[in-house]
Number of protein chains: 2
Amino acid sequence: MIDFAGKYDPQPFHLDDEAAAQTYFGRLSASGWHTGSMAMRMMVDNMKERQQAGLGSPGIDELRWLKPVYPGDTLRCETEVLSKRRSASRREMGLFESKLTVINQHDEPVMTMRSTGLIRVRNPDAD
Amino acid sequence: MIDFAGKYDPQPFHLDDEAAAQTYFGRLSASGWHTGSMAMRMMVDNMKERQQAGLGSPGIDELRWLKPVYPGDTLRCETEVLSKRRSASRREMGLFESKLTVINQHDEPVMTMRSTGLIRVRNPDAD
């Protein structure tokens, strides 16, 4: 957590318990970019398990950091597919919109986001 | 780039030129989470230079990854403040909405996002 913050988000509350005690965070907590990156890793591992080939993402909407993530927390992800369609111009590609929720060991959502994912279709010759 | 992707976004096009050649990316390119994290670092450095005390962020809207970021690219950021207000419940806190654009050495925007930032006001006793 400190290593990530030192490189990418060196704000005092991501580096030091005492500094964090003076803020909303209360104690040392993860950079939101770190939480998002850890969630990405879980999504990629899940895609591999399911033999899905991601093709990138055009972006994210409504990302919300709801609660601090503290050292020792255990995070898991839930994903809901909101919509999906075949690309009109690229027959080998599908687009899907999903809502991700990152949840800690107390079953509290710590982060949510909606994003669009690009993915290789299993059979590009199918209608 | 490979180190970050290995930890947080191990999709083939973020790890390997050959795998990336078969995708939209064309060649090895940065994880979007890496690009966002690098932009965050630039924003934190800028806040420090200006002696601004960030207090976290509730979230991001309309994050868009517009172009791949390749090894050797040089990125810079431009930020536009869209709105700002004092917190009604916490007098020591201000909220501002800003639009960030991350731009490469060819002056091409590679990422944009809108986000809300929390920041300590300079004089909490002022009206």
Side-chain angles (χ1 to χ4, degrees), chain A residues 3-15 19-20 22-26 29-45 47-48 52-68 87 90 92-93 111-120, chain B residues 3-15 19-20 22-26 29-45 47-48 52-68 87 90 92-93 111-120:
Chain A
D3 179 64
F4 187 101
K7 279 184 185 148
Y8 299 113
D9 192 351
Q11 299 187 85
F13 41 82
H14 295 322
L15 291 169
Q22 297 163 37
T23 68
Y24 159 77
F25 297 97
S29 61
S31 167
W33 289 96
H34 192 191
T35 304
S37 297
M38 289 188 286
M40 187 67 210
R41 174 57 186 265
M42 286 188 260
M43 288 189 281
V44 171
D45 286 349
M47 285 197 295
K48 276 187 193 164
Q52 296 167 341
L55 294 171
S57 166
I60 291 170
D61 283 286
E62 285 175 38
L63 188 154
R64 295 293 175 269
W65 289 297
L66 303 171
K67 279 185 178 282
S87 166
R90 299 177 58 183
E92 79 283 8
M93 183 185 280
M111 180 183 135
T112 55
M113 69 178 198
R114 278 195 303 112
S115 66
T116 303
L118 309 176
I119 194 164
R120 200 177 296 278
Chain B
D3 179 64
F4 186 102
K7 279 184 185 148
Y8 299 113
D9 192 353
Q11 298 186 85
F13 41 82
H14 295 321
L15 290 169
Q22 295 163 37
T23 67
Y24 159 76
F25 298 97
S29 61
S31 166
W33 290 96
H34 192 190
T35 304
S37 298
M38 290 190 284
M40 186 69 209
R41 174 55 185 265
M42 287 190 257
M43 288 189 279
V44 171
D45 286 349
M47 285 197 294
K48 276 189 190 161
Q52 296 168 340
L55 294 171
S57 164
I60 292 171
D61 282 286
E62 283 174 42
L63 188 156
R64 295 292 176 271
W65 289 298
L66 303 170
K67 278 185 178 282
S87 166
R90 299 178 58 182
E92 78 283 6
M93 184 187 279
M111 178 183 138
T112 56
M113 68 177 198
R114 280 194 304 111
S115 65
T116 303
L118 308 176
I119 193 165
R120 200 178 294 281

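Lettering of chains follows the sequences in order, A, B, ..., and the numbering in each one begins at 1. All values derive from a computational prediction rather than experimental measurement.
- The CH2 atom of A:Trp65 sits 7.5 Å away from the OG atom of B:Ser115 when rounded to the nearest 0.5 Å.
- Only the side chain of A:Met111 comes within less than 4.5 Å of a heavy atom in chain B; its backbone stays farther off.
- Of the inter-residue distances, the one linking A:Thr35 atom OG1 with A:Trp33 atom CH2 reads 11.5 Å to the nearest 0.5 angstrom.
- Looking at A:Arg114, there are no atoms closer than 4.5 Å to chain B (heavy atoms on both sides), in backbone or side chain.
- Ring-plane geometry between B:Tyr8 and A:Phe4 is classed as perpendicular, the angle between the planes exceeding 60 degrees on a 0 to 90 degree scale with a lower cut at 30.
- Contact of A:Met43 with chain B is not made at all, since no heavy-atom distance falls under 4.5 Å.
- The contact between A:Ser57 and chain B is made by backbone and side chain atoms together, counting heavy-atom distances below 4.5 Å.
- Most heavy-atom pairs under 4.5 Å with chain B: of the set A:Ser37, A:Gly59, A:Gly36, A:Pro68, this distinction falls to A:Ser37.
- Note: A:Lys48 NZ to B:Gln11 CD = 8.0 Å, rounded to the nearest 0.5 Å.
- Chain B forms more heavy-atom pairs under 4.5 Å with one residue of A:Pro12, A:Ser29, A:Gly56 than with any other, namely A:Gly56.
- With a 4.5 Å cut-off on non-hydrogen atoms, A:Pro10 touches chain B through its backbone and its side chain both.
- Residue B:Arg120 holds its CZ atom at 8.0 Å from OG1 of A:Thr23, rounded to the nearest 0.5 Å.
- Both the backbone and the side chain of A:Lys7 come within contact range of chain B, judged by heavy atoms closer than 4.5 Å.
- Interface residue A:Met113: only side-chain heavy atoms are found under 4.5 Å from chain B.
- Interatomic distance, CG of A:Leu118 versus CZ of A:Arg90, reported as 8.0 Å (0.5 Å rounding).
- In this structure, A:Glu62 CD and B:Asp61 CG are separated by 6.0 Å, a value rounded to the nearest 0.5 Å.
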